[in-house]
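Along the sequence shown, residues are numbered consecutively beginning with 1. Because only heavy atoms are used, hydrogens play no part in the values below, and waters and symmetry mates are left out as well, while side chains stay in.
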Amino acid sequence: MPGMPADSGGAIVPFSGEPKHAASAPPVRPIRHGVPPPISRVYISWSSGNLLQVACLRPPGPEEGARRGPEEVGGRVVEVNLGVGAGNGSTEVEEEVDEAEMRRIEYGSVPAFALLQSRKNALADAAAMQHMHSVSEHAEWWQYVLEYSKTIGNLLGNQDCLPALMIENPRAILKVREKSTSLKAAWELLEIFYVDKELHSWLPERLVDWLADYDSLLTKTDGTVYFKLNNFQKKLINLQIVENDDDYWNGLSAALSVGWLDVVVNMLRFHGSYQLDQMDNRETENGLVEAVAVLVSTMPRMRPDLPKGKLGQCCKTRPDFIKAWEKWRGQVSKLECSAFWIQCSHQKTRDGLKNLLHIMMGNIKDLTAATSHWLELFASHFLYIRPFTVGFEGMHHLAQKCIQLKPSFDTNGLTGLLNGILSENPEVVLAECTKKFGPWMVTHCMELLAADNDYADIMLHEERPNFGGISIEELHRLVYAQVLCSHSLTWQIAPTYLSSCLNQGLGLLEILLLKQPIQDNRLVLKTLELCRLYELENVGTNIMKIAGIYHWKHGRKGTGVYWFQQAHDKVRLDRIAQQLFERIGKSVADDNFKQWEGLLELLGSDIGSAGGLEFLHRYRDFKRSLQQALEGRTGEAARQTVEFLIQLMRNPSTPQRFWLPLLHDSVKLLNCKPCPLLNVAETTLLLNKLQELSMAKLRPDFCSNHLPSHALSSVRLALGSNLARAILEEA
């Protein structure tokens, strides 16, 4: 919705539109962007499908990045799904996955995705050695994908019943379950039809189980089986004689048509003939109700097992199922032709029970009347009309006929997704996932589509010139990674998906890591950890350099030098050394020495990695030793100071403009000892350095120091005196 920032609070003022349309209130969709006020700009753009991308930005400032804490953001991009829900007027709308829950799903799916990619790479290497065309040719690949699918499915939610109450309601029809989501329902559909090979022999039964879990999500306008039973459950509390209510029999017919046998048997026991005061007068009627309940509870089901609480006769093989089915149908037909119906005086009970028998005999007219959605009619065909169907046999053609008989408006993409699956068209399936379920679903479901489908495998992995030379799979992964990168709480998991994109992923990963904020050292360490994990040493080095520059410019010089050292940035360390050279004190008591001495302590003991700072480390050691020698703390301090002096004067890293300050600081030490501290060779070395310094002063580029004018003569006199004593000492 077009809008502009308000003057206070950062709220968005909605655009009212034309006056003639003021009576029809537009649908309002809240945007949970999490950006603290004020908000200066809002950008809106279309994404894939019905997704609308809304970017909320804070006003920029010269010091905005420096003042902002690690938890604050300068803006955020959120996606709004315009295809789900009907605005303010919708009732009983499905509870969508909120932002926190979706973030939990995004984080939880990373280990499963990474494990599957690792296994795929291992199998790809093995396939290359065995001259196989694709990874899917390995027998264990579909099992890996199935394990991956189960892990993601458990992450999306559990459809098992919630813990039972201490006092159960004896007249409860529907069991209390966790709130269903279309995301979970869509994922299970893909697993049923694309991954689990063990389900192919009893695929219709598995579809019936899926419908039992997610019938409430099929539509928000038509009266599905779930809504019929739910409405009757609310009505049941005020009913004394349930068999006189038409909704009771309609609910029974609807539940039986989709195979909810436990619900049917439970509702049949609500019949008034089961009451103790009625059994004597309605014995025949009660017998017919019980006979139908027994037939329903013993209906053959071609499946390996039955979940706890589910009714039916389990048949594991097709021959056993055919035999049991013919026997059961004969029992239904026998009851339908029984003479006891004449003795049943209650008209609605007689008509309702016969309608249930007609459904069990596969009467298409009664099945069509009992169902409201085409998918319910579709499932009833496999239960009662075509019970011996295996796999995809004729499913798509039957689905089209059911859609013509029961056209339904799809609001959440489930029926459109199933229609694409039954048509065996991966392009339609991928388009429905993109349109209705967003980037996360598309990115993770592509592994399911290509698990055992060569056409889907080629379609997803073929490099396309119109996509810049990347495949459809890589394109959707890059889109999902960009969505993750737009949020400060999910960008850390984006590298997992970018690293799986071999063409453009690594380049975008480098950009992502380089653009992370460097104000917070914890965030920098996290970024460097990702660099090490994905072997991006150069990127990590650049990040450390950027962090060093930022902290140095903002006055945190110790932190800046630390990052330069970690990056082995010799050039910048040399520049810092040149700045520190200007602060070197003229003597031990100079306060300037104390200022840069603390900074040198932060540099650590690894002199070799400090570049141009090597001289400062050695000069610090010289200053400390000189101070101890002048204070007379130790007898060896004087000789050690002289050794430090000789090392500094011989070291090529010692700048020439610091020769005289070094020698001038040592004058008192050279003059206060009766015995010479320097031998002839060492004194001659220092005199030669002094002579070079005298010649260098004649050059125009000579950098003068701030020593007294008599400093040079004082040093020459002290060295001459020491030389004379050294000669006499050696003689």
Side-chain angles (χ1 to χ4, degrees), residues 49-50 83 182 185-196 199-228 253-254 256-259 302 358-359 361-437 445 448-449 452-453 455-456 459:
N50 288 343
S182 57
W187 187 270
E188 284 198 9
L189 272 181
L190 296 175
E191 179 183 304
I192 292 170
F193 286 94
Y194 285 102
V195 183
D196 200 343
L199 298 179
H200 287 182
S201 60
W202 55 289
L203 188 60
E205 278 284 339
R206 185 63 186 90
L207 186 60
V208 170
D209 291 345
W210 179 89
L211 186 62
D213 291 333
Y214 303 106
D215 181 74
S216 61
L217 303 179
L218 294 181
T219 180
K220 304 298 183 292
T221 57
D222 301 331
T224 60
V225 176
Y226 173 84
F227 280 100
K228 287 181 180 178
S253 300
L256 183 62
S257 66
V258 293
M302 192 172 70
H358 293 164
I359 290 176
M361 291 299 294
N363 187 293
I364 182 63
K365 182 179 179 181
D366 291 316
L367 285 172
T368 305
T371 55
S372 301
H373 194 276
W374 73 264
L375 187 51
E376 296 172 350
L377 181 61
F378 179 73
S380 66
H381 271 74
F382 291 107
L383 283 171
Y384 304 105
I385 300 177
R386 303 172 59 182
F388 310 128
T389 302
V390 178
F392 283 88
E393 183 182 329
M395 280 190 168
H396 183 246
H397 178 68
L398 177 60
Q400 297 304 311
K401 292 180 61 177
C402 293
I403 291 175
Q404 293 177 0
L405 291 173
K406 295 287 184 179
S408 303
F409 179 70
D410 184 14
T411 59
N412 50 26
L414 292 177
T415 55
L417 177 63
L418 180 59
N419 196 20
I421 292 174
L422 297 177
S423 65
E424 301 184 62
N425 194 333
E427 290 95 339
V428 175
V429 174
L430 197 64
E432 287 292 330
C433 290
T434 304
K435 178 181 178 182
K436 296 294 185 179
F437 305 108
C445 78
L448 277 60
L449 296 179
D452 193 30
N453 191 315
Y455 174 74
M459 179 199 73

d(Phe193 CZ, Leu207 CG) to nearest 0.5 Å is 5.0 Å
To check you understand the geometry: which heavy-atom pair defines the closest contact between Asn453 and Pro426, and what is its length? ND2-CG, 4.4 Å
Kindly indicate whether the side chain of Leu418, heavy atoms from C-beta on, has any atom under 4.5 Å from the side chain of Leu375. yes
Separation of Met395 CE from His381 NE2 (nearest 0.5 Å): 12.5 Å
Look up atom CD in Glu427 and atom OH in Tyr455, then write down how far apart they are to the nearest 0.5 Å. 3.5 Å
Would you say that Met459 contacts Leu449 through its side chain, given a criterion of any heavy-atom pair below 4.5 Å between the two side chains? no
Lys228 side-chain N/O to Ala254 backbone N/O, donor-acceptor pair under 3.5 Å: no
Within-4.5 Å side-chain heavy-atom neighbours: Tyr226 and Val258: no
Point-to-point distance, once rounded to the nearest 0.5 Å, from SG of Cys402 to CG of Leu367: 10.0 Å
Evaluation steps, side chain to side chain contact (heavy atoms under 4.5 Å, CB included), between Leu405 and Phe378: CA-CA 10 Å; Leu405 291 173; Phe378 179 73; over 6 Å; no
For Gln400, side chain to side chain donor-acceptor pair (under 3.5 Å) partners two or more places apart: His396, Asn419
Minimum-distance pair of heavy atoms, taken over all atoms of Pro204 and Phe382: CB-CB, 3.6 Å
Can you tell me how far NE2 of His373 sits from CD1 of Ile403, rounded to the nearest 0.5 angstrom? 8.5 Å
Which pair of heavy atoms, one from Leu383 and one from Ser257, lies closest together, and at what distance? CD1-O, 3.7 Å
Ring geometry between Tyr214 and Trp210 (parallel below 30°, tilted from 30 to 60°, perpendicular above 60°): tilted
Ala379 versus Leu211, closest heavy-atom pair with distance: CB-CD2, 3.9 Å
Can you name the closest pair of heavy atoms from Asp215 and Val225 and give their distance? OD2-N, 3.4 Å
Which atoms form the tightest heavy-atom contact between Ser216 and Phe227, and what is the distance? O-CE1, 3.7 Å
Would you call Tyr384 and Ile359 a side-chain contact if the rule is heavy atoms closer than 4.5 Å? yes
Spatial distance of atom CD (Glu376) from atom OG1 (Thr224) [nearest 0.5 Å]: 5.5 Å
Test item: Leu398 and Arg386 side chains (from C-beta on) under 4.5 Å apart, heavy atoms: yes
State, yes or no, whether a side-chain contact exists between Tyr194 and Ile421 at a heavy-atom distance under 4.5 Å. yes
Would you say that Val195 contacts Leu190 through its side chain, given a criterion of any heavy-atom pair below 4.5 Å between the two side chains? no
Are Lys406 and Thr371 packed together at the side-chain level, in the sense that at least one heavy-atom pair is separated by less than 4.5 angstrom? yes
